[in-house]
Protein chains: 2
Amino acid sequence: MEEPRMTRTIAIIGGTGKEGKGLAFRWARFGHRVIIGSRQEAKAQAAAEEVNRLLGTSGQSVVGMANERAAQTGEIVVLTVPYAAHREMCEFIKPFVQGKIVIDVTVPLVPPKVTRVQMPPDGSATMEAQRILGENVQVVAAFQNISYEHLLHDEPIECDVLVCGGNKEAREVVLGLVKDAGLVGWNAGPTENAVVVEGLTSILIGLNKQFGVQSAGIRITGVPRPD
Amino acid sequence: MEEPRMTRTIAIIGGTGKEGKGLAFRWARFGHRVIIGSRQEAKAQAAAEEVNRLLGTSGQSVVGMANERAAQTGEIVVLTVPYAAHREMCEFIKPFVQGKIVIDVTVPLVPPKVTRVQMPPDGSATMEAQRILGENVQVVAAFQNISYEHLLHDEPIECDVLVCGGNKEAREVVLGLVKDAGLVGWNAGPTENAVVVEGLTSILIGLNKQFGVQSAGIRITGVPRPD
């Protein structure tokens with residue numbers, strides 16, 4: 001018997017892109033209260049309506065808010081912004097996320113060479129977020145390696161989620177949310193390990209290019225799988 | 001129909017450990033000429049004899065040499081030294097490997113926190129080797145994520161090999177050697193990506209500790225597998 005899972009209020013900042021809508025869909029369907037945040041409230045509401053149409057009558061309705069109110073309202077705040085907006089957005093949400101878990105989905109790609117790992121001076125986007133947000137925020141890296149094409153369409157995703165950063169308790173909460181999204185997650189250790197998880201995305205993009213697909217992923221082997 | 005594979009002379013520097021003997025066993029069985037190198041010639045010869053006993057009559061016989069002569073003789077030179085000896089060994093082999101491919105298997109673990117990714121100032125062991133050996137050497141990172149327990153015993157290994165660094169031609173040669181060792185390899189891009197491949201080892205060690213096993217690995221999904 002599994003114990004019943006807690007439902008939570010999750011704010012997805014910059015959530016009008018594929019990643020944000022895909023995660024919103026999966027979490028709302030599970031029963032979490034999901035807020036999509038955007039710079040423009042109207043854009044956030046349009047994205048929320050799009051997700052609600054896909055949800056039909058299943059799960060919770062998703063709502064759209066301006067980023068500021070979304071970050072204030074969420075118990076857990078998820079960052080899905082392009083890397084170019086990452087630092088600014090961390091500074092913007094800082095006052096609203098103190099004491100919370102922030103899930104950083106950002107991959108610091110440097111166009112045009114997106115298949116080459118190029119980390120920012122802090123070592124990774126996750127470590128940059130942790131430095132800016134301060135020690136009262138648990139920044140946890142997750143979901144960087146997922147092909148978002150499949151998230152919104154409820155297709156099976158053959159890619160595991162490596163979860164690192166924050167303290168162990170914060171990672172456990174995020175591992176629960178990975179499971180609620182229908183994915184398999186693994187505790188990948190401390191925040192210094194985020195360079196691997198973020199950088200792996202460049203290797204997967206390289207494999208996608210080599211094979212002309214959009215589905216390259218990774219799977220952890222050799223340990224008991226929860227699925 | 002596959003085309004017949006070239007046989008090569010491969011020198012494994014610091015090859016008396018588990019990694020070195022495991023790779024020697026697999027490559028010699030395929031038909032490559034393998035030299036195990038060690039600081040002490042007698043130790044190298046003892047390791048070679050150990051591998052030859054396991055090989056029985058299959059494949060080529062492995063020979064042992066002092067590191068210097070091994071590095072001179074090998075067409076392809078493989079570095080399997082503990083990270084503490086990495087820089088010194090790169091400087092030592094430098095004159096003998098000009099114009100060659102060097103496969104760097106080193107993971108820059110920093111005991112006691114081996115589950116935390118901690119890269120050297122060059123960014124990775126591979127980039128350190130490339131800087132020291134110079135531009136006439138193609139340094140290719142590979143085999144860092146394999147559980148060496150299984151290599152020597154000819155057990156199936158459920159872990160793929162990410163190959164990065166050097167130029168594309170050098171990576172292709174190394175991908176061939178991965179296949180000859182009975183493993184599945186992937187072109188993981190330029191030398192900057194080695195931080196991911198080396199760092200992944202810390203994440204896998206962490207998973208091994210969490211589950212009390214020695215077999216955690218990764219598998220690439222979502223692209224056509226060669227096996």
Side-chain angles (χ1 to χ4, degrees), chain A residues 110 113-119 123-124 127 144-147 149-150 155-160 162-164 168 171 184 186-226, chain B residues 110 113-119 123-124 127 144-147 149-150 155-160 162-164 168 171 184 186-226:
Chain A
V110 185
K113 301 220 176 195
V114 294
T115 61
R116 173 173 298 181
V117 175
Q118 295 173 87
M119 290 291 143
S124 64
M127 289 182 77
Q144 289 90 339
N145 307 138
I146 301 296
S147 265
E149 311 298 322
H150 307 292
E155 294 171 26
I157 294 177
E158 214 198 343
C159 183
D160 291 353
L162 299 176
V163 173
C164 61
K168 194 158 183 282
R171 288 199 291 275
V184 174
W186 303 96
N187 176 352
T191 189
E192 289 85 351
N193 298 3
V195 58
V196 173
V197 184
E198 296 175 19
L200 199 49
T201 306
S202 287
I203 292 178
L204 296 176
I205 293 171
L207 288 169
N208 279 340
K209 288 193 178 184
Q210 286 169 50
F211 291 96
V213 298
Q214 292 213 318
S215 50
I218 61 139
R219 207 179 151 94
I220 294 295
T221 60
V223 290
R225 287 186 76 77
Chain B
V110 184
K113 302 223 174 192
V114 294
T115 61
R116 172 174 299 180
V117 174
Q118 294 173 87
M119 289 292 143
S124 65
M127 290 182 76
Q144 290 91 339
N145 308 138
I146 300 296
S147 266
E149 311 297 322
H150 307 291
E155 293 169 27
I157 294 177
E158 214 198 341
C159 183
D160 290 354
L162 300 176
V163 174
C164 62
K168 194 158 184 282
R171 288 198 291 274
V184 174
W186 303 96
N187 177 352
T191 190
E192 289 85 350
N193 297 3
V195 59
V196 172
V197 184
E198 296 176 16
L200 199 49
T201 306
S202 287
I203 292 178
L204 296 176
I205 293 172
L207 288 168
N208 279 340
K209 287 191 179 187
Q210 287 169 50
F211 291 97
V213 298
Q214 293 215 316
S215 50
I218 61 139
R219 207 179 151 95
I220 294 295
T221 61
V223 290
R225 286 186 76 77

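Numbered from 1 within each chain, the chains take letters A, B, ... in sequence-line order.
Between chain B and the residues A/Thr191, A/Leu200, A/Ile220, A/Asn187, the largest count of heavy-atom pairs under 4.5 Å involves A/Asn187. Most heavy-atom pairs under 4.5 Å with chain B, from the set A/Ile218, A/Asn193, A/Leu204: that is A/Asn193.
The contact between B/Pro224 and chain A is made by backbone and side chain atoms together, counting heavy-atom distances below 4.5 Å.
B/Ser147 meets the side chain to side chain contact (heavy atoms under 4.5 Å, CB included) test with B/His150; sequence neighbours excluded.
Close approach to chain B, defined as a heavy atom under 4.5 Å from one of its heavy atoms, is seen in A/Leu207, A/Gln210, A/Phe211, A/Val213, A/Ser215, A/Ala216, A/Gly217 of residues 207-217 of chain A, taken by number.
In this structure, A/Arg116 and B/Pro190 approach most closely via the heavy-atom pair NE-CG, 3.8 Å. Nearest approach of A/Thr221 to B/Arg219, heavy atoms of both residues: CG2-CB, 3.7 Å.
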